A.B. asks: 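Please find one structure pasted underneath; my questions will follow.
A note on names: the letters A, B, ... follow the listed sequences, proteins ahead of strands, and every chain is numbered from 1. A quick note: this is a predicted structure, and the numbers were derived from the prediction, not measured.
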Amino acid sequence: MDDEYVEAVLSLVERIPPGRAMAYGAIAEVVGAELERGGPRLVGAVMASFGGGVPWWRVVTASGRLPPGNEVAARRELAAEGTPLTSDGSRIDMRRAAWLP
DNA sequence: ACCTTGACCTTGG
DNA sequence: CCCAAGGCCAAGG
């Protein structure tokens, strides 16, 4: 992916308010609407390589599952900012937390 | 150019 | 809830 696409994704993630979240697919739709390219998998690739500088814990799968590897840190952040979670606490409740710019 | 690999998504069993 | 199948876009070997 090129820098323009990476920038678009990262700047969008930065705008997600605390306590809310966006799915990879949703991000792909918003960004793709302007740049005419990309998709959920590409967004995932961007976050994997360049997501370190943004609130990556607010980006989850469509079903609210947290990204692999950093569940521990993610849970702490989410709990701290009061993100709506499912009863078992393992996933984000996307019906309530979903956010669109 | 061909094939494999992903922080994906939806549907169906 | 878990798994498999198809569809998806781009990168890397």
A.B. asks: Has the side chain of A/Ser49 got a donor or acceptor atom that lies under 3.5 Å from a matching backbone atom of A/Val46?
C.D. replies: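 No; judged by distance alone, with no hydrogens or angles, the pair does not exist.
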A.B. asks: Just the rounded figure in Å: distance from P of C/dA11 to OH of A/Tyr5.
C.D. replies: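 Going from OH in A/Tyr5 over to P in C/dA11 covers 11 Å.
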A.B. asks: Write out a two-atom table: protein N or O, nucleotide N or O from nucleotides 4-6 of chain B, distance below 3.5 Å.
C.D. replies:
unit_1	atom_1	unit_2	atom_2	d
B/dG6	N9	A/Arg41	NH2	3.2
B/dG6	N7	A/Arg41	NH2	2.9

A.B. asks: So does A/Asp2 have more than 12 non-hydrogen atoms from other groups sitting under 6.0 Å from CG?
C.D. replies: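 Enclosed.
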A.B. asks: Inspect the contact between A/Glu71 and A/Arg91 and indicate whether a charged nitrogen and a carboxylate oxygen are less than 4.0 angstrom apart.
C.D. replies: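 The answer is no: the pair does not qualify as a salt bridge.
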A.B. asks: Please name the nucleotide paired to C/dC3 by Watson-Crick or G-U wobble geometry with both distances under 3.5 Å, or report none.
C.D. replies: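 Here C/dC3 is engaged in a pair, and the nucleotide opposite it is B/dG12.
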A.B. asks: Grab the OH-C1' distance between A/Tyr24 and C/dA10 for me, whole Å please.
C.D. replies: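 Nearest whole value for this atom pair: 17 Å.
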A.B. asks: To the nearest 0.5 Å, how far apart are CD1 in A/Ile92 and OG in A/Ser63?
C.D. replies: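 Rounded to the nearest 0.5 Å, the CD1-OG separation comes to 10.5 Å.
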A.B. asks: For the side chain of A/Met1, counting heavy atoms from C-beta on, which of C/dA11, B/dC9, B/dA7 is nearest?
C.D. replies: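 Of all the options, the side chain of A/Met1 is nearest to C/dA11.
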A.B. asks: Starting at CZ of A/Phe50 and ending at C1' of C/dA11, how long is that distance when rounded to a whole Å?
C.D. replies: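 These atoms are roughly 11 Å apart.
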A.B. asks: Tell me the interatomic distance from A/Met22, atom CE, to B/dC9, atom C1', rounded to whole angstroms.
C.D. replies: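 Value for this atom pair: 15 Å.
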A.B. asks: Applying the Watson-Crick and G-U wobble criteria at under 3.5 Å, what pairs with B/dG6? Answer none if nothing qualifies.
C.D. replies: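 Its partner is C/dC9 (Watson-Crick or G-U wobble, both distances under 3.5 Å).
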A.B. asks: Counting distance only, does the side-chain N/O of A/Arg58 pair as donor-acceptor with the main-chain N or O of A/Ile16 below 3.5 Å?
C.D. replies: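 Yes, A/Arg58 side chain to A/Ile16 backbone: donor-acceptor pair under 3.5 Å.
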A.B. asks: From C/dC1, B/dA7, B/dC9, pick the nucleotide closest to the side chain of A/Arg91?
C.D. replies: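 Nearest listed nucleotide: C/dC1.
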A.B. asks: Main chain of A/Val54, side chain of A/Glu14: is a donor-acceptor contact present, judged purely on distance under 3.5 Å?
C.D. replies: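 No; judged by distance alone, with no hydrogens or angles, the pair does not exist.
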A.B. asks: I need the CD-P distance between A/Glu29 and B/dT10, as an integer number of Å.
C.D. replies: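 Between P of B/dT10 and CD of A/Glu29: 9 Å.
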A.B. asks: Of all the choices, B/dA7, C/dC2, B/dC9, which nucleotide is nearest to the side chain of A/Ala62 once you look at every atom?
C.D. replies: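 The closest nucleotide is B/dC9.
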A.B. asks: Counting only heavy atoms not in A/Arg65, do more than 12 fall under 6.0 Å of its CZ?
C.D. replies: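 Not buried by this count: 12 neighbours or fewer within 6.0 Å.
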A.B. asks: Distance check needed: C/dC9 P versus A/Glu36 CD, whole Å only.
C.D. replies: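 Computing the A/Glu36:CD to C/dC9:P distance gives 13 Å.
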A.B. asks: Between atom CD1 in A/Ile92 and atom C1' in B/dA7, what is the gap in whole Å?
C.D. replies: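 The answer, rounded to whole Å, is 13 Å.
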A.B. asks: How long is the line joining CZ of A/Arg65 and C1' of B/dT10, in whole Å?
C.D. replies: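 Interatomic distance, CZ of A/Arg65 to C1' of B/dT10: 15 Å.
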